[in-house]
Amino acid sequence: MDSKFTKPKGFGEILDHTFSLCKNRFKDFFMIFIIFMGPVYLLQAIVQIATGASFFRETGKGGQWYEQILSNLNNSSSFDSSNIGADIGLIVVGLLSALLFPIAEAAILFAVNHIRKEEHYTVRSVIKQAFRRFWPILGSSILFGLIFLGIFLIPIVIAGVIGGILAAAAHPIIGILVGVLLFIPLAIGGGLLITRWSFYFGSVVLDKVSPGFSRSWRLSKKRTWALLGLYIVFYLIVSIISFAVELTFGALLGDSVLLGLISNLASLFTTMIFSVGYAIMYLDLKTRNDADNLKELIEDYHSI
């Protein structure tokens with residue numbers, strides 16, 4: 001087994017291992033996402049062109065260069081409600097992405113697990129393994145989505161109701177302050193609960209336990225705050241990269257098809273980083289709780 005996976009990792013070690021693995025296996029990992037999402041994004045580009053979008057650049061209004069750039073930035077974030085064909089295309093792309101992204105992430109999990117065991121794998125082989133878990137992944141992901149929605153709607157409703165009552169009875173500012181003060185701890189509590197259950201995906205994919213919520217709860221015990229912190233760090237990394245791409249290319253290309261393709265490629269890159277990080281986090285939890293490394297060492301010893 002790869003020595004980097006044989007002992008529990010700290011916060012910084014997980015981040016370091018994530019980026020080193022992304023660098024060393026970039027071709028394999030990125031190819032997995034291209035195979036799944038490349039055709040989907042190509043379909044999106046075709047739909048946009050067919051509905052009148054410019055491929056290279058939508059020129060913004062304004063006489064000076066800086067006025068055109070500001071106009072392009074506004075156009076890139078605007079929503080055209082009159083273009084029904086483009087909206088339908090985006091809905092179709094969204095549905096396909098919701099179905100295919102989890103399978104791509106499952107393939108990444110299998111690939112990282114093969115690396116951990118120092119086993120040979122190909123992109124094709126891990127994709128086949130991921131598709132074998134399609135229905136358990138789909139069912140468990142739908143359940144997790146409903147749980148996620150419920151957990152984060154509850155704080156909003158509670159804070160909104162209590163804040164609204166106080167705003168009507170006392171003063172609007174008091175109602176807003178109380179609502180915010182209530183929402184923050186409730187949201188943190190919701191984030192901790194989601195973190196405890198979020199490793200259902202690794203359980204479904206690698207351990208074939210569906211829906212995997214109880215196993216995720218057990219694995220993440222005593223590591224919840226560290227795991228939530230890692231999620232926040234990965235979210236910040238993804239957000240910074242996405243914002244930089246949108247700001248840089250959006251100012252030049254406006255609301256164009258080319259900007260969409262560039263943004264989609266950036267999202268594939270950031271999703272790859274997150275998926276590899278998630279795989280390492282899950283395997284680290286298995287090492288801490290299941291003593292998988294000891295089991296494999298014993299098996300290797302008996303096979304000598």
Side-chain angles (χ1 to χ4, degrees), residues 12 14-83 85-87 89-98 100-101 104-105 108 229-278 280:
I14 289 177
L15 292 174
D16 180 67
H17 195 186
T18 298
F19 292 117
S20 65
L21 204 55
C22 286
K23 178 182 176 182
N24 296 333
R25 302 282 181 152
F26 176 82
K27 181 180 177 181
D28 291 345
F29 294 157
F30 199 70
M31 181 61 67
I32 289 171
F33 280 102
I34 287 292
I35 289 172
F36 278 98
M37 301 309 302
V40 176
Y41 291 150
L42 181 60
L43 174 63
Q44 180 183 8
I46 292 172
V47 170
Q48 288 176 323
I49 292 174
T51 52
S54 172
F55 177 78
F56 183 70
R57 181 176 181 180
E58 288 285 348
T59 305
K61 297 179 181 179
Q64 301 296 327
W65 64 271
Y66 57 85
E67 293 176 344
Q68 293 186 9
I69 287 178
L70 291 174
S71 179
N72 284 335
L73 284 173
N74 291 329
N75 289 337
S76 65
S77 60
S78 64
F79 177 76
D80 186 4
S81 59
S82 63
N83 199 336
D87 296 340
L90 289 176
I91 292 172
V92 172
V93 168
L95 291 174
L96 290 174
S97 299
L100 294 177
F101 258 124
E105 291 167 354
I108 294 291
L230 284 166
Y231 277 141
I232 292 172
V233 170
F234 282 122
Y235 174 77
L236 290 175
I237 292 171
V238 168
S239 300
I240 290 170
I241 294 175
S242 299
F243 177 76
V245 170
E246 289 285 346
L247 183 63
T248 303
F249 292 97
L252 300 174
L253 300 177
D255 191 16
S256 65
V257 176
L258 183 57
L259 174 64
L261 290 173
I262 293 172
S263 298
N264 288 334
L265 286 175
S267 72
L268 290 185
F269 175 73
T270 54
T271 305
M272 180 195 73
I273 293 175
F274 178 82
S275 299
V276 174
Y278 178 90
I280 292 174

Would you say Val276 and Ile108 make side-chain contact, with heavy atoms under 4.5 Å? yes
Minimum side-chain heavy-atom gap Thr271-Val238 below 4.5 Å: no
Set of ring-ring contact (aromatic ring centres under 6.0 Å, His included) partners for Tyr278, sequence neighbours left out: Phe199
Could you tell me which residues satisfy side chain to side chain contact (heavy atoms under 4.5 Å, CB included) with Ile14, sequence neighbours excluded, listed by chain and number? Lys9, Thr18, Arg223, Leu230, Ile280, Met281, Asp284
Could you work out, with ring-ring contact (aromatic ring centres under 6.0 Å, His included) as the rule, every residue matching Phe30, not counting sequence neighbours? Phe26
Using a 4.5 Å cut-off on heavy atoms from C-beta on, say whether the side chain of Glu246 contacts that of Phe243. no
Is the shortest heavy-atom distance from the side chain of Asn264 to the side chain of Leu268 under 4.5 Å? no
For Leu42, enumerate each residue passing the side chain to side chain contact (heavy atoms under 4.5 Å, CB included) test, keeping only those at least two apart in sequence or located in another chain. Ile46
Checking Met31 now: which residues fulfil side chain to side chain contact (heavy atoms under 4.5 Å, CB included) with it, not counting sequence neighbours? Ile35, Val123
Quick check on Phe19: does its CZ atom have over 12 non-hydrogen neighbours (other residues, nucleotides or ligands) under 6.0 Å away? yes
Return yes if some donor-acceptor pair links the side-chain N/O of Asp16 with the main-chain N/O of Gly12 below 3.5 Å, else return no. no
Set of side chain to side chain contact (heavy atoms under 4.5 Å, CB included) partners for Ile262, sequence neighbours left out: Val245, Phe249, Leu253, Leu258
